[in-house]
Undergrad: 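Have a look at the structure that comes next, please.
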Amino acid sequence: MNLSQHLNNRQLEAASAIEGPLLIIAGAGSGKTKMITYRMAHMLEQGILQSQILALTFTNKAAKEMADRVRAATGKRLTSLTVSTFHAFGVKVLRDKGRLLGYHDNFSIYDQVDRGELIREVARELAIPRETLDISKVGNLFSGIKGERRAWGEEAKQYTALFNEYQAHLKAYNAVDFDDLILLPIRIFEEHPAALEEYRERFHYVMVDEFQDTSLAQYKLVRLLGETHRNLCVVGDDDQSIYSWRGANYQNIVSFERDFPERREIKLEQNYRSTKQILQAANSLIAHNKDRKQKELWTGIEGGKAIELFFPENEVEEARFIAEMIRASMLRERLTYDDFGILVRTNGLTSAIEEALLAENIPYRISGGTSFFQRKEVKDVISYLRVLANPDDDVNLLRVINTPRRGLGRRFLETMRELADRKSCSLYTALSAARYAADSPLSAKSVAEVGDFLSMLDHYRERLLSRGRMAESVKSLVDTLDYWGFLVAEYQKNEKVARWKFGNITRFIEMIERWERDPDTEDPSLFSFLNRITLITRDDDADDDERGKVNLMTIHAAKGLEFEMVFVAGVEENIIPHLRAVEEGNTEEERRLFYVAITRAKQKLYLTACRKRKLLRDWIEASPSPFLQELPEGLVEQHIPPKEVDAEEAKDYFAALKARLR
DNA sequence: CGTCTCCAGGTTTTT
DNA sequence: CCTGGAGACG
């Protein structure tokens with residue numbers, strides 16, 4: 001393979017530096033993925049074994065894309081190359097070595113919904129009044145503490161007892177939360193040097209993509225693995241760090257420089273994606289951030305068109321404008337649907353746009369929002385599977401014990417929880433005991449119901465844990481539960497909804513079947529299936545029929561993607577930058593977010609800022625985003641409809657914008 | 001004792 | 001607009 005044929009000098013330098021620590025600062029659109037692909041292909045060509053390489057990414061999509069591209073470049077089957085997200089890697093380590101910390105390999109993984117339910121449950125046990133507890137806030141606090149990005153401050157201290165109980169419950173349920181997937185591997189490696197040694201021996205070459213999005217804990221994990229052989233390559237762009245709320249800390253770039261002083265540093269600054277106009281706008285915007293590594297992105301792409309800024313009356317107008325613009329440009333510019341990206345700050349902003357696209361008959365795909373696996377009906381089935389895999393998982397047992405209804409209600413559960421607390425055992429154990437106990441505190445009717453429930457679980461546990469034909473067993477389970485009858489009863493007024501929901505379950509079962517039959521699935525067991533789907537948010541299974549559609553998504557979801565034509569909707573104060581972020585003092589991150597949005601565009605960028613917008617129930621006046629002032633004058637063509645000019649003029653900001661236009 | 005119905009409250013980004 | 005909790009009914 002001749003690298004210099006495909007890569008520019010900087011890229012070539014990065015791709016050929018295999019030994020020793022390497023820091024690559026890769027600007028937006030600088031051919032990062034290409035460089036990584038060739039770097040990996042080059043490594044394999046140099047005789048490095050697939051099994052010696054560990055590549056860590058942030059999203060499943062990125063992992064899949066990287067593997068696909070390396071496969072395409074080398075033409076090899078990648079049987080033992082590890083390309084995985086941090087969390088998926090954590091699962092692997094935990095399944096491999098979790099026993100060292102007392103975990104069984106059927107552990108459950110809790111997402112933040114489960115986490116919230118567990119916190120609620122623990123708070124109930126500790127008799128903490130519900131109204132004093134903001135579940136999601138406490139959940140974030142716990143996550144922050146576990147990820148070492150928050151300390152036990154004054155206001156946090158009041159939750160110490162709750163936290164300790166939360167942790168104890170997780171352990172008792174043989175469950176881990178997302179933070180544990182990083183933390184527990186670190187603990188395993190710190191407490192069991194032999195395990196660490198084994199992993200260091202195995203992975204001689206470690207690579208991290210989107211390094212600016214790693215958390216402190218993730219960096220610690222990577223450092224542990226790479227400390228001895230020091231073949232650690234990290235690739236990132238501090239200007240695209242947009243996940244600080246989830247613990248991402250681009251200061252890790254500085255830490256890396258400190259921990260690996262002999263590192264080489266390479267900057268990729270040539271942009272192959274966007275026109276001069278777009279790149280200039282992006283550069284000038286991001287220059288307003290104080291805290292960044294100096295770099296100057298440049299492009300050779302000439303002949304670009306102006307960025308255009310429109311001010312629709314409200315979000316319905318905005319959506320219609322975008323839909324019409326797409327229709328018109330398809331003909332004019334000879335573009336196809338998938339050349340368009342519509343980016344928004346929050347998921348809530350997609351609905352008006354969806355409606356307009358539907359009305360215009362424009363096929364679209366939407367990513368983000370509640371994922372397929374979070375839908376209630378799917379989650380119900382998954383909860384059953386989790387309980388079958390791990391009966392001590394109280395959170396999931398609670399979710400299914402009365403769904404569909406079997407007359408085991410609030411009072412019954414209170415009795416059972418009391419019993420479980422008293423014997424300090426799991427609910428499942430308490431149920432099993434109550435079923436046969438002579439002095440059972442339950443009514444005969446409840447005992448009979450519990451008996452049926454447990455027998456049913458036993459039956460399906462046996463079926464699902466023995467190898468093979470999972471999909472069939474799940475289908476049978478759904479039939480036995482009469483979930484269809486349950487849905488019909490639940491949505492009497494709306495049979496369509498019931499049918500749609502059942503359709504989702506059918507789809508879910510088909511997914512199991514496909515996964516089960518896929519020869520690439522290493523371990524087609526219930527455990528590995530459950531672990532896998534917890535870590536999938538987007539429905540990445542459905543990528544075949546998604547071609548030829550307009551892409552509607554949040555800016556976060558758009559990172560790493562590019563489109564010929566990009567619309568950024570809702571470029572308004574309190575949205576970009578988001579009000580909550582500004583309150584928390586994260587304006588710089590919001591600027592980076594806008595930077596990411598702008599740099600997705602190859603040829604043409606449209607920005608829209610509504611005059612009015614419906615918030616909750618009422619209409620509010622909206623103002624254009626202050627970031628618009630940071631774009632260079634003359635680059636942005638502004639379209640203010642003449643009739644609108646007087647009424648809003650009172651808004652001084654708007655007047656300022658208008659003045660600049662003339 | 002369990003279920004149904006109505007009402008209030010709340011929406012940043014996601015592995 | 002959807003969810004979770006409180007109170008009425010069966």
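Proteins get letters first, then strands, A, B, ... in listed order; numbering begins at 1 in each. This is a predicted model, so every value here is computed, not measured.
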Undergrad: Between atom NZ in A/Lys61 and atom C1' in B/dT14, what is the gap in whole Å?
TA: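 It works out to 13 Å between those atoms.
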
Undergrad: Using whole Å, what does the distance between atom C1' of nucleotide B/dT13 and atom CG of A/Leu349 come to?
TA: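 From A/Leu349 CG to B/dT13 C1': 12 Å.
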
Undergrad: Where the side chain of A/Thr346 is defined as all heavy atoms beyond and including C-beta, which of B/dT3, B/dC1, B/dT13 is the nearest nucleotide?
TA: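 Taking heavy atoms from C-beta onward, the closest nucleotide is B/dT13.
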
Undergrad: Distances under 3.5 Å only, N/O to N/O: pair up the protein atoms with those of nucleotides 1-3 of chain C.
TA:
residue: C/dC1; atom: N4; partner: A/Arg617; partner atom: NH2; Å: 3.2

Undergrad: Give a yes or no on whether a salt bridge exists between A/Lys445 and A/Glu449, defined as a side-chain N under 4.0 angstrom from a carboxylate O.
TA: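 So A/Lys445 does not pair with A/Glu449 through a salt bridge.
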
Undergrad: So, A/Lys559 and A/Glu210, do they make that salt bridge, N to O below 4.0 Å?
TA: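 Yes, A/Lys559 and A/Glu210 are salt-bridged.
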
Undergrad: Salt bridge between A/Asp111 and A/Lys379, side-chain N to carboxylate O under 4.0 Å?
TA: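 Here A/Asp111 pairs with A/Lys379 in a salt bridge, since their nearest N and O are under 4.0 Å apart.
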
Undergrad: Would you say the side chain of A/Glu572 lies within less than 4.5 Å of the side chain of A/Arg345, judging by non-hydrogen atoms?
TA: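 Of all side-chain heavy-atom pairs linking A/Glu572 with A/Arg345, none is under 4.5 Å.
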
Undergrad: Salt-bridged, A/Arg417 to A/Glu414, with N to O below 4.0 Å?
TA: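 No.
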
Undergrad: Does NZ or CZ of A/Lys97 fall inside the cone over A/Tyr199's six-membered ring, less than 6.0 Å from its centre and within 45° of the axis?
TA: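 So A/Lys97 doesn't make the cation-pi contact.
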
Undergrad: Between A/Ile242 (CD1) and B/dT13 (P), how many Å, whole number?
TA: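 So the CD1-P distance, A/Ile242 to B/dT13, works out to 12 Å.
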
Undergrad: What is the distance from CZ of A/Phe412 to P of B/dC1, rounded to the nearest Å?
TA: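 These atoms are roughly 12 Å apart.
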
Undergrad: What integer distance in Å separates A/Glu584:CD from B/dT12:P?
TA: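 Rounded to the whole Å, the gap is 10 Å.
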
Undergrad: Of all the nucleotides listed (B/dT13, B/dT3, B/dT12), which has the minimum atom distance to the side chain of A/Thr554?
TA: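 Between B/dT13, B/dT3, B/dT12, the one nearest the side chain of A/Thr554 would be B/dT13.
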
Undergrad: Using side-chain heavy atoms (C-beta onward) and a distance below 4.5 Å, is A/Tyr483 in contact with A/Asp380?
TA: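 The answer is yes; the side chains approach within 4.5 Å.
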
Undergrad: What is the distance, rounded to the nearest whole Å, between atom CD of A/Glu117 and atom C1' of C/dG4?
TA: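 Rounded to the whole Å, the gap is 11 Å.
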
Undergrad: What pairs with A/Ala356 under side-chain contact (heavy atoms from CB on, under 4.5 Å), at least two apart in sequence or on another chain?
TA: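 Applying side-chain contact (heavy atoms from CB on, under 4.5 Å) to A/Ala356 gives A/Ala319, A/Ala323.
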
Undergrad: Of A/Lys445 and A/Arg580, whose closest DNA chain B nucleotide lies nearer the 5' terminus?
TA: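 Checking each residue's closest nucleotide, the 5'-ward one belongs to A/Lys445.
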
Undergrad: Can you check whether A/Asn347 has a side-chain N or O nearer than 4.0 Å to OP1 or OP2 of B/dT14?
TA: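 The answer is yes; a side-chain N or O of A/Asn347 sits under 4.0 Å from OP1 or OP2.
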
Undergrad: Measure NZ/A/Lys559 against C1'/B/dT14 and give the value in whole Å, please.
TA: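 Going from A/Lys559 (NZ) to B/dT14 (C1'), I get 12 Å.
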
Undergrad: Touch check for A/Asp111, heavy atoms < 4.0 angstrom, all strands: base, sugar-phosphate only, or nothing?
TA: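 Result for A/Asp111 = nothing.
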
Undergrad: For the side chain of A/Arg345, counting heavy atoms from C-beta on, which of B/dT12, B/dC1, B/dT14 is nearest?
TA: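 Shortest atom-to-atom distance from the side chain points to B/dT12.
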
Undergrad: If I take atom CG in residue A/Leu579 and atom P in nucleotide B/dG10, what distance separates them, rounded to the nearest angstrom?
TA: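 In whole Å, B/dG10 P lies 15 Å from A/Leu579 CG.
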
Undergrad: When you measure from the side chain of A/His578, which nucleotide among C/dG5, B/dT12, B/dT3 comes out closest?
TA: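 Of C/dG5, B/dT12, B/dT3, B/dT12 is nearest to the side chain of A/His578.
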
Undergrad: When you match A/Asn402 and A/Ala581 each to their closest nucleotide on DNA chain B, which lands nearer the 5' end?
TA: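 In this pair, the answer is A/Asn402.
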
Undergrad: Would you tell me if any nitrogen or oxygen in the side chain of A/Asn586 comes within less than 4.0 Å of OP1 or OP2 on B/dT13?
TA: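 No.
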
Undergrad: Under a 3.5 Å distance rule, please check whether A/Glu589 uses its side chain to pair with a backbone N or O of A/Ser244 as donor and acceptor.
TA: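 Such a contact is found between A/Glu589 side chain and A/Ser244 backbone.
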
Undergrad: Would you kindly check whether a donor in the side chain of A/Trp245 faces an acceptor in the base of B/dT12, or vice versa, at under 3.5 angstrom?
TA: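 For A/Trp245, whose side chain was compared with the base of B/dT12, there is no donor-acceptor pair (under 3.5 Å).
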
Undergrad: Please tabulate, one pair per line, each protein N/O and nucleotide N/O from nucleotides 4-6 of chain B that are separated by under 3.5 Å, including the distance.
TA:
residue: B/dC4; atom: OP2; partner: A/Arg405; partner atom: NH1; Å: 3.2

Undergrad: Look at A/Lys32 together with A/Asp237 and state whether they make a salt bridge at an N to O cut-off of under 4.0 Å.
TA: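 A/Asp237 and A/Lys32: not salt-bridged.
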
